[in-house]
Structures are given as C-alpha cells and as structure tokens.
Amino acid sequence: MDLLHSSGIELVRYLQMNYRDSQSWFTFISLAADLRNTFFVFFPIWFHLCEAVGVKLIWVAVIGDWLNLIFKWILFGQRPYWWVHETSYYGNSSVPVLEQYPITCETGPGSPSGHAMGSAGVWYVMVTAFLTSTLQNKQHRVQNWCVRALLWGVFWLIQVNVCASRVFVAAHFPHQVFLGVISG
C-alpha cells in the first residue's frame, strides 16, 4: 500500500508544482462538487423542471452519501497530506513537501472520495434525465448521437476535474477518487 500511496504523492506534487496557477480553479471545483450543491442548487432547478428527476437527485445524494460513509468505515483510507507526515516509508530521506489549502485538512477516512462519488451519481442522473427528455425524436440519428456525445463528454470532463481537484488539494490519493467515480 505504501508504494501506491507514494506514487499518489508524486502525482499530488506534480499537480501542485505544474498547475500552481490553477489553484483557484481546483478549489472552486472542489467546492462546487460538494453534495450541498445538490440540495441547494440542482434539486430546486430539477424539481421545478421535472419533479421526478428532482426527487431522484435527492435520493441519489442521500443514499450515495450514506454508502460513502459505510465504504469509508470499511475501507478507511489515508489522506495524502496526513499520510506523508505519518509514514515511515521515506525513512531517512526527505519527506515530500505538499502544499496545504483550506480544504486540505479533512480528518476523516479518505476512501472512496465523497466528492467524486457524489459528483458521479448526481451528474449521471442529470445527464440521463436530460437525454431522456430531449432525445425522444428518433428521426435525427446524427443529431441525437452528437447530443449524447456532447453530454457524456461534459459528464467525463466534470469527473476528471473533480478528481484532479481533490488530488491537487491533497485531500485524496488518485485511487480514492477513481473508486469514488466508479462507486458513484
């Protein structure tokens, strides 16, 4: 596990050194991917547009958050910023220096990432609801294919950004955000 964690630390350092100018973007993405936004932003909008989708969003958020809590109890999982200071993996060599941000200091278990899990579940519901409501006309196959490709492309772009932001702020290791997206 130490080898997996140390390679994760290297990715954190790479992102923090090479994308330092994107700190505000990564911080914004981490805050935007918080499940509170599902309750305060996405739910009211979707409930107004389609009551069933709004209710589905709430259920996905609540059950997803509950499952995330259960998974964290079972898998536990270290967090990069704390692991690098507590491990004996580096021995006498210098410990890698990680930047700390206001949202870095989460003290609970880290696996799987709740931000990645919640984002994947909530955006999956929104994309499939949008596709279901807009692609009822089967006459325009090319147009339907383009809309599907665009929406799923946006879905994966959001997931990659959420994952990169959580790794950048040293809140999660890469394998934890991957598990979050898969379990979302």
Run the numbers on V181 and M117 for side chain to side chain contact (heavy atoms under 4.5 Å, CB included), then give the verdict.
CA-CA 5 Å; V181 169; M117 189 172 172; over 6 Å; no
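- Formation of a donor-acceptor pair under 3.5 Å by the Q176 side chain with backbone atoms of Q78 is found in this model.
- At a threshold of 4.5 Å between side-chain heavy atoms, the hydrophobic network of Ile, Leu, Val, Met, Phe, Trp and Tyr places V127 and W145 in two separate groups.
- Closest approach of A116 to S113, counting heavy atoms only: N-OG, 3.2 Å.
- For an aromatic pair to be called close, the ring centres must be under 6.0 Å apart, and Y101 with F168 satisfies this.
- At least one side-chain heavy atom of E99 sits under 4.5 Å from a side-chain heavy atom of R20.
- Cluster annotation: F178 is not connected to L3 through the hydrophobic network of ILVMFWY side chains, with a link wherever side-chain heavy atoms come within less than 4.5 Å.
- Side-chain atoms of Q100 and Y81 form a donor-acceptor pair, as typed in the model, at a separation below 3.5 Å.
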For F47 and F43, run ring-ring contact (aromatic ring centres under 6.0 Å, His included): C-alpha distance rounded to whole Å, both residues' side-chain angles, the deciding distance at 0.1 Å, then the answer.
CA-CA 6 Å; F47 191 79; F43 168 72; 5.2 Å; yes
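- Using a distance-only test at 3.5 Å, with no hydrogens or angles considered, a donor-acceptor pair links the side chain of N18 to the main chain of Y14.
- M17 and L98 sit in two unconnected hydrophobic clusters of ILVMFWY residues. Membership requires side-chain heavy atoms under 4.5 Å apart, directly or through other members.
- The hydrophobic clustering, which links ILVMFWY residues whose side-chain heavy atoms are closer than 4.5 Å, places V125 and I182 apart.
- Between H172 and H115, the gap from one ring centroid to the other reaches at least 6.0 Å.
- For the pair W46/T38, no side-chain contact is recorded, criterion being any heavy-atom separation below 4.5 Å from C-beta on.
- Between the side chain of S88 and the backbone N or O of G91 there is no donor-acceptor pair closer than 3.5 Å.
- Nearest heavy-atom pair across G114 and N68 is CA-ND2, 3.4 Å.
- Remark: C50 SG to L57 CG distance equals 10.0 Å, nearest 0.5 Å.
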Would L49 and V53 count as a side chain to side chain contact (heavy atoms under 4.5 Å, CB included) if you check the C-alpha gap in whole Å, the side-chain angles of each, and the deciding distance to 0.1 Å?
CA-CA 8 Å; L49 296 174; V53 175; over 6 Å; no
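- One distance of note links CD1 of I63 with CD1 of I70; it measures 12.5 Å at 0.5 Å rounding.
- For Y90, the OH atom is densely surrounded, since the number of other residues' heavy atoms within 6.0 Å is greater than 12.
- Side-chain rings of F130 and W123 stay apart, their centers remaining 6.0 Å or farther from each other.
- Remark: the backbone N or O of L31 is paired with a side-chain donor or acceptor of N37 at under 3.5 angstrom.
- With a 4.5 Å cut-off on side-chain heavy atoms, Y124 and V60 do not count as touching.
- Crowding of K72 atom NZ: a count of heavy atoms from other residues, nucleotides or ligands under 6.0 Å exceeding 12.
- For the atom pair OG of S165 and OH of Y19, the computed distance is 14.0 Å after rounding to the nearest 0.5 Å.
- The environment of CH2 in W59 is sparse: at most 12 heavy-atom neighbours from other residues, nucleotides or ligands sit within 6.0 Å.
- Across all non-hydrogen atoms, the minimal contact from S119 to V162 is OG-CG2, 3.7 Å.
- The backbone N or O of V84 sits nowhere less than 3.5 Å from a side-chain atom of T87 that would complete a donor-acceptor pair.
- Within the 4.5 Å cutoff, side-chain heavy atoms of M1 are placed close to those of H175.
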Tell me, with the steps shown, if S111 and F71 meet side chain to side chain contact (heavy atoms under 4.5 Å, CB included).
CA-CA 7 Å; S111 190; F71 289 155; over 6 Å; no
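- For the pair P112 and L75, the minimum side-chain heavy-atom distance is below 4.5 Å.
- By the 4.5 Å heavy-atom criterion applied to side chains, S30 and R166 are counted as neighbours.
- Taking the side chain as every heavy atom from C-beta outward, D65 and L69 never approach each other to under 4.5 Å.
- Contact of the F173 side chain with the I9 side chain is registered, since non-hydrogen atoms from C-beta on lie closer than 4.5 Å.
- Taking CG from N144 and CG from L131, the interatomic distance works out to 9.0 Å, rounded to the nearest 0.5 Å.
- A continuous path of Ile, Leu, Val, Met, Phe, Trp and Tyr side chains, each step under 4.5 Å between heavy atoms, connects I29 with W156, placing both in one hydrophobic cluster.
- With H5 as reference, W83 is the one residue of W83, Y89, W82 to meet the ring-ring contact (aromatic ring centres under 6.0 Å, His included) rule.
- With a 6.0 Å radius and a threshold of 12 heavy atoms from other residues, nucleotides or ligands, F155 has its CZ atom above the threshold.
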F26 vs V167, side chain to side chain contact (heavy atoms under 4.5 Å, CB included): CA-CA, chis, key distance, verdict
CA-CA 9 Å; F26 286 132; V167 172; over 6 Å; no
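- Atom NE2 of H85 has more than 12 neighbouring heavy atoms from other residues, nucleotides or ligands inside a 6.0 Å radius.
- Counted within 6.0 Å of CZ on F39, heavy atoms from surrounding residues, nucleotides or ligands total more than 12; the atom is thus considered enclosed.
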